[in-house]
Amino acid sequence: MSDNSGRLSRKFFSRDVLDVAPDLLGRVLVRRGRGGKETRDIITEVEAYRGERDLACHASKGRTKRTEIMYEEAGLIYTYLIYGKYWLLNIVTGEKGVPQAVLIRATKKADGPGKVSDMFDINESFYGVDITKPSKIWIERSDIILPNYKQYPRVGVQYAGDWAKKPWRFIMED
DNA sequence: ACAAAGATCCGT
DNA sequence: CGGATCTTTGTA
C-alpha cells in the first residue's frame with residue numbers, strides 16, 4: 001500500500017472512500033516547497049464525499065469542469081476555491097469513473113480545511129496532481145496505524161438534506 | 001450576461 | 001452573527 005519511501009500508493013486510495021478516509025488518520029501529510037523545504041504534519045480530521053447520489057458531493061450535479069477530476073483515477077488531487085479564499089485539499093478515491101473524494105479537514109497544527117490550505121500552501125496548481133508520485137506533495141505512513149477515531153456529520157452541507165446526516169466526518173482521538 | 005451560493009475563517 | 005471575496009453554476 002506504500003512504496004519504500006513510505007509514500008501511500010494508488011492502491012491505497014483506490015478503495016471506497018469510506019475505507020480510505022479513516023485510514024488516513026494519523027498519517028503524515030508532506031509538502032516539499034522550493035528549496036526542498038518540507039512541511040509535515042499528522043492528519044487528524046477528514047470527510048468523505050461519495051458519488052453522484054451523495055447530495056453533499058460536488059459531483060452530485062454530474063460531471064463539470066470542476067468535478068471531472070473526481071471521475072479520474074484514485075490518488076489525484078481535487079482542489080477548488082471556496083468563499084473566494086481557500087483552496088481545499090481533497091484526494092480522489094475509489095474506482096475510476098465513480099466520483100469520490102476525501103477532504104483533508106485538519107492536521108495537528110491546522111484545525112480547519114482553510115488553515116490546512118494556508119499551512120501547506122495549497123493553490124489551484126494542485127488540481128490533478130498525483131499525490132502517489134514523487135512531487136511537491138504526498139502522504140506517508142507513520143507509527144500510528146488506525147488510531148481511535150469518532151464519526152460525526154459533515155460540516156457546512158445542510159443543503160444536502162438527509163445526506164448531511166451521514167456520519168462521514170472522521171476525527172482522530174488523542 | 002447576470003445573479004446566487006458556497007465542503008471557511010475572523011472579528012464583534 | 002455578519003462580512004470578506006471570487007469562482008462555479010444555473011438561468012435567460
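This is a predicted model, so every value here is computed, not measured.
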Testing the basics here: between A/G26 and A/S142, what is the closest heavy-atom pair and its distance to 0.1 Å?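 Of all heavy-atom pairs spanning A/G26 and A/S142, the closest is O-OG, 2.6 Å.
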In whole Å, what is the span from the [atom1] atom of [X] to the [atom2] atom of [N]?
{"X": "A/E45", "N": "B/dT8", "atom1": "CD", "atom2": "P", "answer": "10 Å"}
{"X": "A/E47", "N": "B/dA7", "atom1": "CD", "atom2": "P", "answer": "10 Å"}
{"X": "A/Q100", "N": "B/dA7", "atom1": "CD", "atom2": "C1'", "answer": "16 Å"}
{"X": "A/M119", "N": "B/dT8", "atom1": "CE", "atom2": "P", "answer": "19 Å"}

Going by purine N1 to pyrimidine N3 plus the second Watson-Crick contact, or the G-U wobble pair, all under 3.5 Å, which nucleotide sits opposite B/dC2?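 Base-paired to C/dG10.
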Quick one: do A/S14 and A/K96 satisfy side-chain contact (heavy atoms from CB on, under 4.5 Å)? Show the steps, please. CA-CA 8 Å; A/S14 295; A/K96 186 171 181 177; over 6 Å; no
Nearest nucleotide by nearest heavy atom, which residue falls closer to the 5' end of DNA chain B, A/G156 or A/K115?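 So the residue in question is A/G156.
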Flag the pair A/Y80 / A/H58 as yes when their ring centroid distance falls below 6.0 Å, and as no otherwise.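 Yes, ring centres under 6.0 Å apart.
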Any A/R169 side-chain nitrogen or oxygen under 4.0 Å from OP1 or OP2 of B/dA7: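 False: A/R169 side-chain N/O out of range (4.0 Å or more) of B/dA7 OP1/OP2.
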Does A/H58 have a side-chain nitrogen or oxygen under 4.0 Å from the phosphate oxygens OP1 or OP2 of B/dA7?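 Result: yes.
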Any side-chain heavy atom of A/I104 within less than 4.5 Å of one from A/E45?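 A side-chain contact under 4.5 Å is absent here.
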Are the side chains of A/R50 and A/W168 in touch, meaning some heavy atoms are under 4.5 Å apart?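 Yes, side chains in contact.
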Could you give the distance separating B/dC2 and C/dT5 at their P atoms, to the nearest angstrom?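 That atom pair is separated by 22 Å.
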Using a cut-off of strictly less than 4.0 Å between a heavy atom of the residue and any atom of DNA chain C, enumerate the qualifying residues of residues 59-90 of chain A by number.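 The stretch gives A/K61, A/T64, A/R66, A/L81, A/Y83, A/G84, A/K85 as the residues lying under 4.0 Å from the strand, ordered by number.
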Are a donor atom and an acceptor atom from the side chains of A/S125 and A/K136 found within less than 3.5 Å of each other?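 Indeed, the side chains of A/S125 and A/K136 share at least one donor-acceptor pair under 3.5 Å.
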